[in-house]
There are 2 protein chains.
Amino acid sequence: MPNKDEITAAIQAIEPFKQSDELFKSRMAAHARVLSVEKGQVLFVNQDEADKIYIVLSGWVKLFRETLDGTQAVIDIIPKNHMFGETSIFEDCIYPYSAEATETSELISLPISLLKDGIETDPKLALAMLSSMAKYRKQQDREIEHRTIQNASQRIGCFLLRLIDQDQQGPVSIHLPYDKTLVASRLGMQPETFSRALKKLKDATGIDVKGATIHMDDVQQLVRYSCAACSAEFPCKDLKASAY
Amino acid sequence: MPNKDEITAAIQAIEPFKQSDELFKSRMAAHARVLSVEKGQVLFVNQDEADKIYIVLSGWVKLFRETLDGTQAVIDIIPKNHMFGETSIFEDCIYPYSAEATETSELISLPISLLKDGIETDPKLALAMLSSMAKYRKQQDREIEHRTIQNASQRIGCFLLRLIDQDQQGPVSIHLPYDKTLVASRLGMQPETFSRALKKLKDATGIDVKGATIHMDDVQQLVRYSCAACSAEFPCKDLKASAY
DNA sequence: CGAGGGTTTGAAGTGCATCAAATAGTGTGG
DNA sequence: CCACACTATTTGATGCACTTCAAACCCTCG
């Protein structure tokens, strides 16, 4: 169970809050509630009235939307020290997606009204939010690009590259941050397709796959394969934020 | 050739500028430059240094990125009275995409520094930008969803629905805003696929297609077909902004 | 009328999804 | 420590959706 200091630290770690008013942050910390959730627990569903924002302390939260027949589209998977639910501030306080813990996780929740007030009264915070929103937008644009021009194997390769410290030279080991099934949905493909595409990636680049651990002698093997079908050049600096 | 009043009106029409300071807007108007561009003319390319933002007065501008081998991913197609290039403010003033006129168009350009200053000094403008950014983000989220769970025909149907005044009852006629080839790329499919998928949509819903004009007796025909594979219900209010 | 671009059609191939089933891996209680 | 139950992952077989390449058609505009 996190104590006050850890809560403060978590709030401080959120990108747009870093430079913001200390008083504002301490007010947030004072109103924070810690919650522990089990795997599969739903935090809210699409179109719910939004009264809280959440910060992930540990574990992972999947954001998604689904159709009446249950087909679902994963929008994002939120890692430790990131926030979600905040976009609803600009949308009549309605969550634009559902949120579910993908494993046992610890979160903190904060009243959304606090953040809303903060943004409206502290111009510096508003600017910081703008900047983080713009960054997110860029990621989404790239996501659309990837799904348009990269095939399944290349998308996996690209995903792996974003898990690496991008300036790294020489041999690298990567550990998948969560279930292969979840990675697959994050990349917009079926688990079966993921499995086969990973094998294809292995044959094409010579990477070494053992369970959830992937090893390669040189990052360039992957770069050549995946970044060929992308408008950006490796290292794709701005995307590192999407990593974990 | 647009005169001063038309320029002022165009600036005034941009969503985030509507409520902003009059002085700011007149300063913008004073610095505005009108430019006429031919079909195919490139305004800037991905990674160019960004010194201007643009507003479309007439015609259409395609935003896209492309890989070394020329494959391109269309990010958006900007209609009249909309702005583009402004996201670069938050990204070291580098354009994150290329821009090309898809037909003879009239634009105005504004120094990006003006907008940047405006956002930093006028909190109201910053909030308005935040709000419009959030709206755009929502659209992009939905775009990803569509490409994940809708097939080609459903995407076309959804696109058509967004061209309609969504509360409309009874018979409707729609005219495609631009080339079918361009619509296809906007929806992430090949022209051939578009052609065949449109025919399939016609067979499935009974809509009437004549060249670029599409007629139907009842919008519900399309709604049943397309919105089944979407997490949102018709009318999808917030997406109307993406229409034209 | 002819040229050229936009659009459609046909034929063939590829990639991914789907369904079904086998296998590997993990945690549980005995 | 083993056997069982359950889940994650892989594999196989098959089908459908979309792409690709090629060619025909259509429309518009000089």
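Lettering of chains follows the sequences in order, A, B, ..., and the numbering in each one begins at 1.
Remark: E143(B) engages R147(B), R186(B) in a salt bridge (charged side-chain N to carboxylate O under 4.0 Å, His left out) (not counting sequence neighbours). With sequence neighbours excluded, the residues forming a salt bridge (charged side-chain N to carboxylate O under 4.0 Å, His left out) with R65(B) are E145(A), listed by chain and number. In this view, R196(A) satisfies the salt bridge (charged side-chain N to carboxylate O under 4.0 Å, His left out) rule with no residue, not counting sequence neighbours. Every residue two or more places apart in sequence or in another chain was checked for a salt bridge (charged side-chain N to carboxylate O under 4.0 Å, His left out) with K4(A), and none qualifies. Among residues two or more places apart in sequence or in another chain, the side chain to side chain contact (heavy atoms under 4.5 Å, CB included) test is passed with T71(A) by T67(A), D69(A), I149(B). For S195(A), there are no side chain to side chain contact (heavy atoms under 4.5 Å, CB included) partners at least two apart in sequence or on another chain.
Atom CZ of R147(A) is separated from atom P of dT19(D) by 16 Å (rounded to the nearest Å). Distance Y178(A) OH to dA8(D) C1': 16 Å, rounded to the nearest Å. Counting to the nearest Å, the C1' atom of dG5(C) and the NZ atom of K180(B) are 14 Å from each other.
Distances shown here put a side-chain N or O of K39(B) below 4.0 Å from the OP1 or OP2 atom of dG6(C). Distances shorter than 4.0 Å separate none of the side-chain N or O atoms of K199(B) from OP1 or OP2 on dT7(C). A close approach under 4.0 Å does occur between a side-chain nitrogen or oxygen of T181(A) and OP1 or OP2 of dT9(D).
For the segment residues 202-213 of chain B, the set of residues with a heavy atom within less than 4.0 Å of an atom of DNA chain D is empty.
In the helix from dC1(C)-dG30(D) to dG30(C)-dC1(D), the end axes, each obtained as the rotation axis mapping the C1' atoms of four pairs onto the next four within a five-pair block, lie 30° apart to the nearest 10 degrees.
Between the side chain of T205(B) and the main chain of L201(B), a donor-acceptor pair closer than 3.5 Å is present. Checking side-chain atoms of T181(B) against main-chain N and O of D179(B) turns up no donor-acceptor pair under 3.5 Å.
Pairs of residues two or more places apart, or lying in two chains, never qualify as salt bridge (charged side-chain N to carboxylate O under 4.0 Å, His left out) while including a residue from residues 44-56 of chain A. Applying the salt bridge (charged side-chain N to carboxylate O under 4.0 Å, His left out) rule to pairs touching residues 207-228 of chain A yields D208(A)-K210(A), sequence neighbours excluded.
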Self-check item: Residues L198(A), V209(A); criterion side chain to side chain contact (heavy atoms under 4.5 Å, CB included); working and verdict
Solution: CA-CA 9 Å; L198(A) 182 57; V209(A) 181; 3.9 Å; yes
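The shortest side-chain heavy-atom distance between L161(B) and V223(B) falls under the 4.5 Å cut-off. Here the side chains of I14(B) and I55(B) are in contact, with some heavy-atom distance below 4.5 Å.
Of the candidate nucleotides dT9(C), dT10(D), dG6(C), dG6(C) has the atom nearest to the side chain of D179(B).
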Quiz item: Which parts of nucleotides 23-30 of chain D does protein reach within less than 4.0 Å, heavy atoms only, written one letter per nucleotide 5' to 3' as B for base, S for sugar-phosphate only and - for none?
Solution: --------
For nucleotides 14-20 of chain C, print each protein N/O atom paired with a nucleotide N/O atom at under 3.5 Å, atom names and distance only.
residue, atom, partner, partner atom, Å
dC16(C), OP1, A152(A), N, 2.9
dA17(C), OP2, Q190(A), N, 3.3
dA17(C), OP2, T193(A), OG1, 2.3
dT18(C), O4, R196(A), NH2, 2.9
dC19(C), N4, E192(A), OE2, 3.2

